[in-house]
Amino acid sequence: MALHSAALTAAAFTILSLTPLAGSTAHSEFDAAAETAGPVRHDATAAEAEIVDWAVGRFELAGLTLPSVEVSFSSDEADCGGHEGLYRRRDGEHLVTVCIPGDHPDADDYRRRTLLHELTHAWDQSSLTSDERDHLLPVLDVTDWYEADEWGRRGIERLAETFVFGLLDQPRRVLLIAVDCSDAYADFQAITGSTPLGPIPPLCVA
């Protein structure tokens, strides 16, 4: 049964860069950050804004409603707790940070797939109830949403990687979770009511 498949409503996306931009200064709203420890925030680059527009568009094409999200980009994984991406809630706000080094050979690809993954966490936390998450556990072949010892056995991560599979605009057979792509195809369709946007390798079509 599809969950929350609906037209995307207007959501505000604040896009920030945590990576110092050559010749730039901190945005006035965040000038105080320069006085404290931690990264100084700058206006996002045009490329970063384009990636966010692309990711939001992929959710929209699948009929999935995102909440308002603050998206930040960094070239330092320390800003994401040592990971490529990080989703947080703060005072009811949804915060997503993407941390891919600029010299990464596939930086653009990794930023896009990481942003889809983290935005799925925002969709999950704004769209699903506890009962709906319980309903999805057998669909995703897991027994716990948050606390499984193995990262790939947590429902929250299985859902995010399933959405990466279904929303990415290039063929991808390998996910960060141990699941056959035909199962990811079927799971995405069961959860959203939409077929993966593709292009999808033929062997993945359930």
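Worth saying up front: this structure is predicted, and the values here are computed from it rather than measured.
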On a heavy-atom basis, which atom in [X] and which in [Y] lie closest, and how many Å separate them?
X	Y	value
L167	L197	CD2-CD1, 3.9 Å
R158	L140	NH2-O, 3.1 Å
A122	P67	O-CG, 3.8 Å

Open item on the list: Are the side chains of L159 and L128 in contact, using a 4.5 Å heavy-atom criterion?
Closed with: yes
Task: T65 and F59, any side-chain heavy atoms less than 4.5 Å apart - done: no
TODO: Check whether any side-chain N or O of D91 sits under 3.5 Å from a backbone N or O of E93 as a donor-acceptor pair, and report yes or no.
DONE: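 Side chain of D91 to backbone of E93, a donor-acceptor pair under 3.5 Å: no, none is there.
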TODO: Answer yes or no: is there a donor N or O on one side and an acceptor on the other, between the side chain of S194 and the main chain of A62, under 3.5 Å?
DONE: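 Here the side-chain-to-backbone pair exists.
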Task: Sole candidate of H121, H94, Q125 that passes side-chain hydrogen bond (donor to acceptor under 3.5 Å, both in side chains) when paired with Y87 - done: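 Result: among H121, H94, Q125, H94 is the only option passing the side-chain hydrogen bond (donor to acceptor under 3.5 Å, both in side chains) with Y87.
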Task: Donor + acceptor pair across side chains of D180, S182 (<3.5 Å) - done: yes
TODO: Specify whether F163 and F188 have parallel, tilted or perpendicular ring planes, treating 30° as the upper limit for parallel and 60° as the lower limit for perpendicular.
DONE: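 The rings of F163 and F188 stand perpendicular, inter-plane angle above 60°.
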Task: Sequence neighbours excluded - salt bridge (charged side-chain N to carboxylate O under 4.0 Å, His left out) pairs with any residue from residues 114-125 - done: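 Output for this query lists D124-R133.
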- [ ] Kindly compute the distance separating CG (L115) from CD (E48), expressed to the nearest 0.5 Å.
- [x]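 Interatomic distance, L115 CG to E48 CD, rounded to 0.5 Å: 11.0 Å.
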Task: Atom pair OG1/CG of T114 and L86 - distance to nearest 0.5 Å - done: 11.5 Å
- [ ] Is it possible for you to say whether I191 and Y146 belong to one hydrophobic cluster, with membership spreading through side-chain heavy-atom contacts below 4.5 Å?
- [x]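 Yes; Y146 is reachable from I191 via cluster members.
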Open item on the list: Please determine whether a side-chain nitrogen of the Lys or Arg among R112 and E50 lies less than 4.0 Å from a carboxylate oxygen of the Asp or Glu.
Closed with: yes
